[in-house]
Amino acid sequence: MNRDQINILIVEDEVLVLQSLVNIVSRRYPSVFFAKDAQKALEIFEKEEIDLVITDIRMPGMDGISMLKRMQAEKPEIHRLVMSAYTEADYFLQAIEIGVEGYIVKPFMKEKVLEAIEKASKHIADEQIEEKYREQLSQSEKQLRELNEAKDKFFSILGHDIKTPVSTIASYSSLIIEDFDELKKEEIIEFLKIIQKSSIQAMDLLKNILEWARTQTGSLAFHSEILNICEIIQEEVELSAHQWKRKEIQVDYSPRNDNFVFADRNMIRTVFRNLLSNAIKFTPQRGRIQLFSEKIKQGKGFVKISVRDNGIGIPKHVLSNLFSIKESYSSVGTSGEKGTGMGLLFCKEFIDIQGGKIEVESSEGIGTTFSFSLPAAKRK
């Protein structure tokens, strides 16, 4: 153990003896406190993180044994050395009874004092190492429990979300096979559309599961480059036009030419596509979605992208755990759209891995704003 890490308290009522001890000990151990009586020593003990107490036994007022008992009651792991003369054997027996680590006989020798302290310091070091290992073990056990809980939640989400589309596919395909000759062409086409829709939903879920697994195993690589975030937003808005036009949603966005970020193109497309898809999903017919991109001053600078809708909003009790797999949240959209409940977890992984931040603000019945920030970059 490093000597600088040991706080030693010396208690001795004889001034010359106290000065001598402090001089001897402080030459080797820089953090030394001292007191001329038990009361003052207890005051120091209350304020400082004392590791080792070296005390005379016989002192005016409270004796050393009584003082050590009080200290041990407050800090059971405190280490203790006692000092007394040859003729005071009874005091040594009392010290042994309360479990002190060692004793120093007066008149003391410098080498004996340092030897006793060194022995005690090794015990302190061993205990601190053991405590560190216990803390590490406890932390590892906690992380393992959290991983197991996340895994259980993951499979719970998987089992719940994939059950509906797979059941729908199985039911309608069986219906077509069993009643094919009795069904009209229009009915078969309608059933096939339902099967197609359910297949797409199941495929989206499986893609999210595979990507999530890759982020958790660390096998997901990303390649950052300087990107014009406004171009990506504009492209994704156009690609999703069939979704928001079908619900007659107004999408407002005024692209700029100066918002460049340092990020992975595919990840950012996926994040923005998820957030825009959610906004469309939870915005009512003829609703409104607003898109923003702006520079914010924070350290070296970030670009913040926001997707704001006037949809149904998110319950307040859900917001704090929205990006946690332990409390994954999924609900039906305004036109009956269904989701996997995994998209936002996916978005957070992609933003975190690039040094950004994702946030959400929402009020039920008013709307929701999802924002994510990425490190700003200078134009090429």
Side-chain angles (χ1 to χ4, degrees), residues 200 203-204 207-208 210-212 214-215 219-247 249-283 287-311 322-323 333 337 339-340 342-362 367-380:
I200 292 171
M203 184 63 69
D204 287 342
K207 284 195 299 185
N208 272 343
L210 291 173
E211 293 294 347
W212 170 263
R214 289 173 66 194
T215 62
S219 61
L220 183 66
F222 69 97
H223 306 283
S224 295
E225 58 182 312
I226 296 176
L227 304 171
N228 186 339
I229 192 68
C230 303
E231 290 180 358
I232 292 177
I233 293 174
Q234 189 66 42
E235 290 170 6
E236 289 301 325
V237 169
E238 292 172 3
L239 287 171
S240 63
H242 65 286
Q243 293 178 297
W244 51 268
K245 285 182 177 179
R246 186 170 63 245
K247 295 179 74 172
I249 293 172
Q250 177 183 341
V251 178
D252 297 333
Y253 178 56
S254 299
R256 301 178 57 171
N257 297 317
D258 60 347
N259 282 344
F260 289 83
V261 299
F262 190 66
D264 180 283
R265 183 184 298 272
N266 292 329
M267 285 188 178
I268 298 311
R269 283 189 178 279
T270 302
V271 171
F272 184 79
R273 190 183 307 130
N274 266 279
L275 297 183
L276 181 58
S277 177
N278 275 352
I280 296 169
K281 174 181 173 182
F282 295 110
T283 298
R288 184 185 185 191
I289 294 174
Q290 296 172 285
L291 309 175
F292 306 93
S293 61
E294 58 182 328
K295 291 182 177 178
I296 55 176
K297 292 183 179 180
Q298 183 180 336
K300 293 183 178 180
F302 285 79
V303 173
K304 184 177 181 180
I305 299 92
S306 301
V307 180
R308 179 182 300 162
D309 65 58
N310 65 342
L322 200 57
F323 300 103
E337 305 100 322
T340 66
M342 299 284 291
L344 292 178
L345 307 179
F346 201 29
C347 289
K348 187 176 188 308
E349 292 285 347
F350 277 6
I351 296 301
D352 285 351
I353 202 173
Q354 297 180 87
K357 183 180 181 181
I358 189 166
E359 301 172 290
V360 59
E361 295 179 1
S362 186
T368 301
T369 301
F370 278 97
S371 302
F372 63 92
S373 57
L374 294 166
K378 293 184 178 180
R379 187 173 182 173
K380 294 180 181 178

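- The environment of CD in Glu361 is sparse: at most 12 heavy-atom neighbours from other residues, nucleotides or ligands sit within 6.0 Å.
- Across all non-hydrogen atoms, the minimal contact from Asn259 to Asn228 is O-OD1, 3.7 Å.
- Across all their heavy atoms, Leu276 and Glu236 have their closest contact at CD2-O, 4.0 Å.
- Here Thr369 contributes atom OG1 and Asn310 contributes atom CG; the two are 10.5 Å apart, rounded to the nearest 0.5 Å.
- Using a 4.5 Å cut-off on side-chain heavy atoms (C-beta onward), Gln243 and Lys247 make no contact.
- Of the inter-residue distances, the one linking Asn274 atom CG with Lys281 atom NZ reads 10.5 Å to the nearest 0.5 angstrom.
- In this structure, the side chains of Leu344 and Asn278 come closer than 4.5 Å at one or more pairs of heavy atoms.
- Taking CD1 of Ile226 as the reference point, atom CZ of Arg265 lies at 11.5 Å (rounded to 0.5 Å).
- The structure places CZ of Phe292 at 13.0 Å from CD1 of Ile305, a figure rounded to the nearest 0.5 Å.
- A distance-only check finds no donor-acceptor pair linking the side chain of Ser306 to the backbone of Ser293 [under 3.5 Å].
- Two residues are said to be in side-chain contact when any heavy atoms from C-beta on lie closer than 4.5 Å; Phe272 and Val307 meet this criterion.
- Using a 4.5 Å heavy-atom threshold, the side chains of Ile353 and Met267 count as touching.
- Ile351 approaches Lys357 most closely through the heavy-atom pair CG2-N, 3.2 Å.
- Residues Val237 and Trp244 are in side-chain contact: their nearest non-hydrogen atoms beyond the backbone lie under 4.5 Å apart.
- Between Asp252 and the choices Arg308, Gln290, Arg288, the side-chain hydrogen bond (donor to acceptor under 3.5 Å, both in side chains) rule is met once, by Arg288.
- Heavy-atom minimum distance, Phe262 versus Ser224: CE2-CB, 3.5 Å.
- Side chain of Asp309 to backbone of Thr368: a donor-acceptor contact under 3.5 angstrom is found.
- The distance from atom CD of Glu294 to atom OG of Ser373, rounded to the nearest 0.5 Å, is 10.5 Å.
- Between Arg273 and Leu239 the shortest side-chain heavy-atom distance does not fall below 4.5 Å.
- With a 4.5 Å cut-off on side-chain heavy atoms, Asp264 and Leu227 do not count as touching.
- Considering every non-hydrogen atom in both Val271 and Phe350, the closest pair reads CG2-CB, 3.6 Å.
- In terms of heavy-atom proximity, Ile268 sits nearest to Ala263 at CG1-CB, 3.7 Å.
- Atom CD of residue Gln234 and atom CG of residue Leu291 lie 9.0 Å apart, to the nearest 0.5 angstrom.
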